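Keep in mind that this is a model prediction, so the values were computed, not measured. These values consider heavy atoms only, across backbone and side chains, with no hydrogens, waters or symmetry-generated copies. Letters A, B, ... are given to chains in the order of the sequence lines, protein chains preceding strands, and every chain is numbered from 1.
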Amino acid sequence: MLYCLSQLPQYPFQGVTIMSELRVRFAPSPTGYLHVGGARTALFNWLLARKQGGTFILRIEDTDVERSTKESVDAILEGMKWLGLDWDEGPFYQSDSFPLYKEYVRKLLDAGKAYKCYCTSEELDAKRNLAMQEGRKPKYDGTCRERADQPEGQPYVVRFRAPQGGVTAFDDLIKGTITFPNEELDDLIIQRTDGTPTYNFCVVIDDATMRITTVIRGDDHVNNTPRQIQLYEALGFPVPQFAHVPMILGADKARLSKRHGATSVISYRDMGYLPEALLNYLVRLGWSHGDDEIFSSEEMIQKFDIGNVGRSASVFNTEKLNWLNAHYIKTGDPARLAGLLLPHLSAHEVTTLNGPDLMAVVKTLQERAQTLEEMAERAVFYYNAPVSYDEAALAKFDKELLLAVFAAVTEKLASAPLGDVAGIDALFKEVCTENSWKMGQVGQPVRIALSGGTQAPGIGEIVVTLGVDETIRRIQKAREHAAGK
RNA sequence: GUCCCCUUCGUCUAGCCUGGCCCAGGACACCGCCCUUUCACGGCGGCGACACCGGUUCAAAUCCGGUAGGGGACGCCA
């Protein structure tokens, strides 16, 4: 029965918001970069909005003035933009709405639905520790809940007077019905001693005033949901739908964190991943559409269904991301890839000014690189002629053979007009038959001469890309190297 | 400790709602073979899972109960 709701792909909001337009939001707190978990949450929100013609709102939750930074905000926006997750409204900043929150705190206070609490954090900490030690749930004991006196000039926090007894339940779009006994929930603080509002309260006010219809957020917020629902009800706001997406874990099944390697979206860009690859990887983490693996943005939008998101956490697997990235590099537009490759090339001290056409270079490397970084590494030899050779590989051939091969190839190349890849390949075959050499005896030495090593594109591709003149120059150099041994 | 959630190949997952088509399908990784002048790409094949125990049923990965394991939350952080 729990599945019924989520198994109606076309009508996920049937009977609840059927008339109103979908409004979703991504609400990161600017205390770090946009990490892959956040990016996936943003993606699911974006997908649903785009699919249903709804509105995607970006809201920055910066009520913690201490830890929020402008740099983090910029980093988050940069990550969103790189992934192509465009938003329709915002970014809104919670720090701009403090007066609004205060107003609602006032309302709850006036209505007796909230009260001032004069307990100090030291007292609270002590009680909490004691409760934990005794194996009880560490919840506020309600000391100030019914107190009549209001000590003048004493610092206080404002607590929400939570309903006691009964249960608070909701139908999660991903997890099904979740029920909490109200006795598990204590009177949460909605305003701090310094007068600033707290997270759970701001979220409710914002989601309500922004008319959010569906809250899609991380799994770690499930426990906050019943308290928020109680606030919605106390405030007289309609309760939105909730969808809690499972966490992303590291290989050791612990929550993904820096020690598992890169978690920042931007660091994936810098390592040479394509945004469409990361997006594709992220959408398949916890969600699937039959046996499909490759999704363009359009296909994701078309096929996405929040009800098909899995209920369990998933492990982030770089191998699969690599495969996806290789796929998009393989099928990508060479001109675009060339542009994206530039920064990686300069990191390897390569200038493309005096060398082969970069787009031609990219074409020879598309099937050979998993990341742009790897492609850059493999492209270096095109622009910087080898200064040393893979001696171990060279040692497999006699000095005499080497010299003969280099001479024959040079001669053949010099006498023939520059052809296409097939033409050059044919030319090498001729050299082989004319001298009774095997292709391995010719191709490998030439490859080493041209690239310095043994791992490179096909000989024909290299020669055509490099040009005959440069090819001959490099073979000549290798010939001298071989002669000197 | 208390509460909430989760559990299909090493990993991502299909199937579960509507039991039989599933001695469980696909993908990544891994192994082997083929292609091949290197490295790759590609093709073919292999390895490999229903956490466990009971129950219901002619029949259970699918329904019910329990157990174990994992994760999350428990803050004047978000």
Side-chain angles (χ1 to χ4, degrees), chain A residues 1-4 6-7 27-31 61-64 66-68 117 119-121 124-125 128 131-139 155 157-159 172 175-176 178-181 183-186 188-194 196 198-200 202-203 218-226 244 246-247 249 251 253-255 281 284-294 310-324 326 330 365-370 378 393 425 428-429 432 438-448 451 453-460:
Chain A
M1 188 186 50
L2 306 190
Y3 306 102
C4 295
S6 54
Q7 294 297 73
S29 59
T31 53
E61 313 225 311
D62 57 349
T63 48
D64 184 352
E66 295 282 297
R67 298 196 304 157
S68 301
C117 170
C119 299
T120 65
S121 35
L124 261 18
D125 283 347
R128 188 160 32 240
M132 286 275 224
Q133 271 175 19
E134 293 178 353
R136 286 178 292 116
K137 176 119 182 154
K139 45 178 279 193
V157 298
V158 177
R159 281 183 188 275
D172 192 277
K175 303 208 174 232
I178 300 178
T179 307
F180 286 84
E183 62 176 296
E184 290 299 325
L185 280 13
D186 61 0
L188 87 159
I189 293 171
I190 59 177
Q191 186 180 87
R192 304 184 182 96
T193 309
D194 64 4
T196 57
T198 57
Y199 168 75
N200 278 113
C202 299
V203 168
D219 213 339
D220 46 340
H221 287 288
V222 169
N223 294 274
N224 289 327
T225 307
H244 288 96
M247 311 258 81
L249 312 176
K253 305 253 183 170
R255 186 186 193 139
Y281 179 70
R284 277 287 288 105
L285 204 54
W287 174 80
S288 61
H289 183 270
D291 288 339
D292 299 349
E293 293 290 348
I294 305 293
R311 291 185 293 267
S312 53
S314 21
V315 174
F316 191 89
N317 180 221
T318 312
E319 299 292 341
K320 188 146 188 181
L321 206 209
N322 286 344
W323 174 72
L324 247 5
K330 229 178 301 170
L365 263 15
Q366 278 181 283
E367 291 197 337
R368 297 177 163 80
Q370 288 198 312
R378 285 164 170 261
D425 283 344
F428 272 81
K429 288 217 170 66
C432 285
K438 290 198 186 297
M439 197 40 144
Q441 294 176 291
V442 178
Q444 199 67 334
V446 172
R447 173 171 297 102
I448 296 168
S451 73
T454 60
Q455 300 185 11
I459 288 294

What I want to check is whether an N or O donor and acceptor connect the side chain of D220(A) with the base of G72(B) at under 3.5 Å.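 By the distance-only test, no, there is no pair.
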Under a 3.5 Å limit for both distances, which nucleotide forms a Watson-Crick or G-U wobble pair with [N], could you say?
| N | answer |
| --- | --- |
| C63(B) | G55(B) |
| C74(B) | G1(B) |
| C30(B) | G46(B) |
| U38(B) | none |
| A24(B) | none |
| U7(B) | A68(B) |
| G19(B) | none |

To the nearest Å, how far apart are [X] [atom1] and [N] [atom2]?
| X | N | atom1 | atom2 | value |
| --- | --- | --- | --- | --- |
| K139(A) | U2(B) | NZ | P | 15 Å |
| N223(A) | G75(B) | CG | P | 11 Å |
| N200(A) | G75(B) | CG | P | 11 Å |
| D291(A) | C9(B) | CG | C1' | 15 Å |

Side chain of [X] only, please: which of [options] is the nearest?
| X | options | value |
| --- | --- | --- |
| F180(A) | C76(B), C4(B), C77(B) | C4(B) |
| P181(A) | C3(B), C28(B), C74(B) | C3(B) |
| H221(A) | U13(B), C5(B), A78(B) | A78(B) |
| E184(A) | G1(B), G26(B), U2(B) | U2(B) |
| K320(A) | C3(B), C77(B), C28(B) | C28(B) |
| S288(A) | A14(B), C5(B), C12(B) | A14(B) |

Sidechain-backbone polar pair: [X] side chain, [Y] backbone, donor-acceptor under 3.5 Å:
| X | Y | result |
| --- | --- | --- |
| T193(A) | P155(A) | no |
| Q441(A) | K438(A) | yes |
| Y281(A) | N317(A) | yes |

Atom pairs, N/O to N/O, protein against nucleotides 36-43 of chain B, distance under 3.5 Å?
unit_1: U37(B); atom_1: O2; unit_2: R447(A); atom_2: NH1; d: 3.1
unit_1: U37(B); atom_1: O2; unit_2: R447(A); atom_2: NH2; d: 2.5
unit_1: U37(B); atom_1: O4; unit_2: D425(A); atom_2: OD1; d: 3.3
unit_1: U38(B); atom_1: O4'; unit_2: Q444(A); atom_2: OE1; d: 3.2
unit_1: U38(B); atom_1: O2'; unit_2: T454(A); atom_2: O; d: 2.8
unit_1: U38(B); atom_1: N1; unit_2: R447(A); atom_2: NH1; d: 3.3
unit_1: U38(B); atom_1: O2; unit_2: R447(A); atom_2: NE; d: 3.3
unit_1: U38(B); atom_1: O2; unit_2: T454(A); atom_2: O; d: 2.5
unit_1: U38(B); atom_1: O2; unit_2: A456(A); atom_2: N; d: 2.9
unit_1: U38(B); atom_1: O2; unit_2: A456(A); atom_2: O; d: 3.0
unit_1: U38(B); atom_1: N3; unit_2: R447(A); atom_2: NE; d: 3.3
unit_1: U38(B); atom_1: N3; unit_2: R447(A); atom_2: NH2; d: 3.3
unit_1: U38(B); atom_1: N3; unit_2: A456(A); atom_2: O; d: 2.5
unit_1: U38(B); atom_1: O4; unit_2: G458(A); atom_2: N; d: 3.2
unit_1: C39(B); atom_1: O2'; unit_2: R378(A); atom_2: NH2; d: 3.2
unit_1: C39(B); atom_1: O2; unit_2: R368(A); atom_2: NE; d: 2.8
unit_1: C39(B); atom_1: N3; unit_2: R368(A); atom_2: NE; d: 3.3
unit_1: C39(B); atom_1: N3; unit_2: R368(A); atom_2: NH2; d: 3.2
unit_1: A40(B); atom_1: O2'; unit_2: E367(A); atom_2: O; d: 2.3
unit_1: C41(B); atom_1: O3'; unit_2: K330(A); atom_2: NZ; d: 3.2
unit_1: G42(B); atom_1: OP1; unit_2: K330(A); atom_2: NZ; d: 3.2

Within the structure, does a side-chain N or O atom of [X] lie under 4.0 Å from either OP1 or OP2 of [N]?
| X | N | result |
| --- | --- | --- |
| R192(A) | C77(B) | yes |
| T63(A) | C77(B) | no |
| K253(A) | C6(B) | no |
| S312(A) | G70(B) | no |
| R128(A) | G1(B) | no |
| R311(A) | U13(B) | no |

Does C64(B) adopt a syn or an anti glycosidic conformation, taking syn as a chi angle within 90° of 0? anti
